[in-house]
Amino acid sequence: MSNINKIKTIFAGTPEFSIPSLKALINDNFFEVVAVITQGDKKVGRKQILTSPAVKIEAIKNKIPVLQPVKIENDLERIKKLKPDIMVFVSYGQIIKQNLLDIPRLGCFNLHGSILPKYRGAAVIQAPIINGDKFSGATIIKMDEGLDTGPIIKQNKIILEPNETSESLYNKISIQGADLLVNALKGYIEGKIKPKNQDDSETTYIPKLKKEDGKIDWSKDALKIERETRALNPFPGAYTKLEDKNLKIKKVSSNILNINKFPFGKIFLYKNNLVIQCGKNALIIEKLQLEGKKEMETKDFLQGHRDIEGKILE
RNA sequence: CGCGGGGUAGAGCAGUUGGCAGCUCGCCAGGCCCAUAACCUGGAGGCCGUCGGUUCGAAUCCGACCCCCGCAA
């Protein structure tokens, strides 16, 4: 088979989320991935070990050239020389301007982790979980200069499970999105799919989550906190303070107790469960992690913390 | 050399004027009971992170290293 007829593709992505899409493009004979663009190596973790992005590692495995520009705008000439037919962006991490969008003959495309136009921006995986939506999903758009504003080629809805977390949804969208991406690109390039413009009136911009966004406000409704706990794990993590120590709330029960007799933040026991009083109703904690310790089941935690009842979380 | 907490039974934790290694849960056996995650009796299970030092004697004091975690980045 000749390479002449393949769609010359440049893939831009960075974290684990991008990997299924990259693999799908590499393994599909319709495309030829001629280069991969990713962010620079970063120092990671407590020991600040210099680590390559997941996408770089996967590209090297497949003997595909890797570019790691500090600013992609400064590398336009090198990209032009590759004469790409398309460029595909999956969680790359840099803003793309018009002068780059104009380079590939057939345009630039993006896998977005929500059902556009509802959530644009950064924390779009988390947003539907926090809001208690029935579904989320993946969207393939043809990129324009706005942030997540380009016309929609294809979408795939995912029903949210009652115990859905950002982590589980992230994985689902990453995997299902890869399939969607390949099908959408083929359909579009073969002229079978006509992109549809987004309705800008139905959008919300979701900013990036910060560390502080994980701090639990116990004065809120237990229902809201339960959703936040699922949305905020694993990053930035839902946490609270127990006597000056960080206490991560890893998992709470979806079975919310109709109890409202304590001040919010108070810990009490109910049928051998560790329960926290919220502003409205109360939450059963199932898994937690105290600073310095590993994540554990609440019943294990209780074995070593007999005097926990009555303490107040901040 | 960024700051700090920790490593003791399968799990969670106590345990420093250095002196027989403990508690709760779980597990195993038996008992009670219409029955039970309840209760009673008995039992197994430890190189106290690793290596070295001090000492008559170290989980405990000193030194080095390994691993886990929080903060910061």
Side-chain angles (χ1 to χ4, degrees), chain A residues 13-18 38-57 68-72 91-95 121-123 125-126 163 165-168 170 207-218 220 225-226 228-259 265-277 282-314:
Chain A
T14 301
E16 207 56 46
F17 182 81
S18 320
T38 189
Q39 300 271 42
D41 293 4
K42 277 186 181 150
K43 292 182 177 179
V44 170
R46 224 183 318 272
K47 292 187 175 165
Q48 295 292 285
I49 297 167
L50 198 62
T51 307
S52 299
V55 162
K56 180 182 177 182
I57 294 167
Q68 292 180 284
V70 177
K71 282 192 175 177
I72 193 166
S91 194
Y92 169 53
Q94 292 193 31
I95 304 282
I125 308 254
Q126 291 87 345
N163 60 348
T165 65
S166 290
E167 190 173 26
S168 63
Y170 182 93
K208 234 174 151 171
L209 285 174
K210 297 188 294 284
K211 193 90 183 174
E212 309 89 86
D213 293 324
K215 180 87 187 272
I216 295 172
D217 177 357
W218 294 108
K220 289 183 184 171
I225 296 174
E226 189 272 332
E228 286 178 355
T229 304
R230 287 186 286 117
L232 296 172
N233 278 316
F235 181 85
Y239 67 94
T240 184
K241 285 274 184 184
L242 173 65
E243 295 172 333
D244 284 332
K245 281 190 174 173
N246 281 342
L247 182 67
K248 288 186 178 175
I249 305 297
K250 293 291 196 173
K251 189 161 184 276
V252 303
S253 171
S254 56
N255 178 22
I256 289 168
L257 299 176
N258 182 20
I259 295 177
K266 184 143 186 156
I267 297 170
F268 61 98
L269 298 179
Y270 177 79
K271 293 184 177 172
N272 292 323
N273 290 299
L274 191 157
V275 184
I276 317 281
Q277 178 71 60
L283 277 182
I284 298 171
I285 309 299
E286 292 183 343
K287 284 185 189 170
L288 46 67
Q289 181 177 19
L290 187 61
E291 180 176 333
K293 297 295 182 183
K294 291 183 187 174
E295 176 176 338
M296 65 183 81
E297 304 277 339
T298 307
K299 67 174 174 50
D300 293 329
F301 178 81
L302 287 171
Q303 292 297 337
H305 296 84
R306 307 257 147 187
D307 55 347
I308 194 76
E309 190 165 18
K311 290 185 177 164
I312 307 275
L313 298 171
E314 299 171 18

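Order of the sequence lines fixes the chain letters, A, B, ..., with proteins taken first and strands second; residue numbering starts at 1 for each chain.
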Using the test side chain to side chain donor-acceptor pair (under 3.5 Å), find all partners of A/K56 that sit at least two apart in sequence or belong to another chain. A/D41, A/Q68
When rounded to the nearest Å, what value does the distance between P atoms of B/A14 and B/G5 take? 15 Å
Partners passing side chain to side chain donor-acceptor pair (under 3.5 Å) against A/N246 (at least two apart in sequence or in another chain): A/K241
Roughly how many Å apart are B/G70 and B/C61, using the C1' atom of each and rounding to a whole number? 28 Å
Which residues pass the salt bridge (charged side-chain N to carboxylate O under 4.0 Å, His left out) test with A/E291, not counting sequence neighbours? none
Tell me the partner of B/G22, counting only Watson-Crick (N1-N3 plus N6-O4 or O6-N4) or G-U wobble (N1-O2 and O6-N3) with both under 3.5 Å; none if nothing fits. B/C13
Please tabulate, for the side chains in residues 247-256 of chain A, all donor-acceptor contacts under 3.5 angstrom to protein atoms that are two or more places apart in sequence or on a different chain.
residue	atom	partner	partner atom	Å
A/K251	NZ	A/E286	OE1	2.9
A/S253	OG	A/N255	N	2.9

The complete set of ring pair (Phe, Tyr, Trp, His ring centres under 6.0 Å) pairs with one or both residues in residues 284-311 of chain A, sequence neighbours excluded, reads A/F301-A/H305
Could you tell me how far B/G49 sits from B/U41 if I compare only their C1' atoms? Round to whole Å. 37 Å
Distance check, P atoms only: B/C39 and B/C25, in whole angstrom units. 8 Å
When rounded to the nearest Å, what value does the distance between P atoms of B/G43 and B/G6 take? 35 Å
List for me each residue that meets side chain to side chain contact (heavy atoms under 4.5 Å, CB included) alongside A/F235, sequence neighbours excluded, and say none if there are none. none
If you round to the nearest 0.5 Å, how far is CG of A/L209 from CD1 of A/I125? 11.0 Å
Can you tell me the Watson-Crick or wobble partner of B/C71, both distances under 3.5 angstrom? B/G2
Residues forming a side chain to side chain donor-acceptor pair (under 3.5 Å) with A/K299, sequence neighbours excluded: none
Determine the interatomic distance between C1' on B/G10 and the same-named atom on B/G4; round to the nearest Å. 30 Å
Near RNA chain B, counting only heavy atoms under 4.0 Å, which residues of residues 295-304 of chain A show up? A/M296, A/D300, A/F301, A/Q303, A/G304
Touch class at under 4.0 angstrom, heavy-atom based, for A/K42 against every strand present: nothing
In residues 241-248 of chain A, which ones come under 4.0 Å of RNA chain B, going by heavy atoms? A/N246, A/K248
State, yes or no, whether a side-chain contact exists between A/I225 and A/L283 at a heavy-atom distance under 4.5 Å. yes
RNA chain B: first to last nucleotide in contact with chain A (atom under 4.0 angstrom from a heavy atom), 5' to 3', is B/G5 to B/A73
G-U wobble or Watson-Crick pairing nucleotide for B/C39 (cut-off 3.5 Å, both distances): B/G31
Is it the case that more than 12 heavy atoms not belonging to A/I95 sit under 6.0 Å from its CD1 atom? no
Side-chain donor-acceptor contacts of residues 307-314 of chain A below 3.5 Å, not counting sequence neighbours, with atom names and distances?
residue	atom	partner	partner atom	Å
A/E309	OE2	A/L269	N	3.3
A/K311	NZ	A/E243	OE2	3.3

Partner lookup for B/U60, please. Criteria are Watson-Crick or G-U wobble with both distances under 3.5 angstrom; report none if nothing qualifies. none
Taking atom C1' in both B/C47 and B/C69, compute the distance separating them and give it to the nearest angstrom. 25 Å
Distance between C1' atoms of B/G30 and B/C23 (Å, rounded): 24 Å
Residues in side chain to side chain donor-acceptor pair (under 3.5 Å) with A/Y170, at least two apart? none
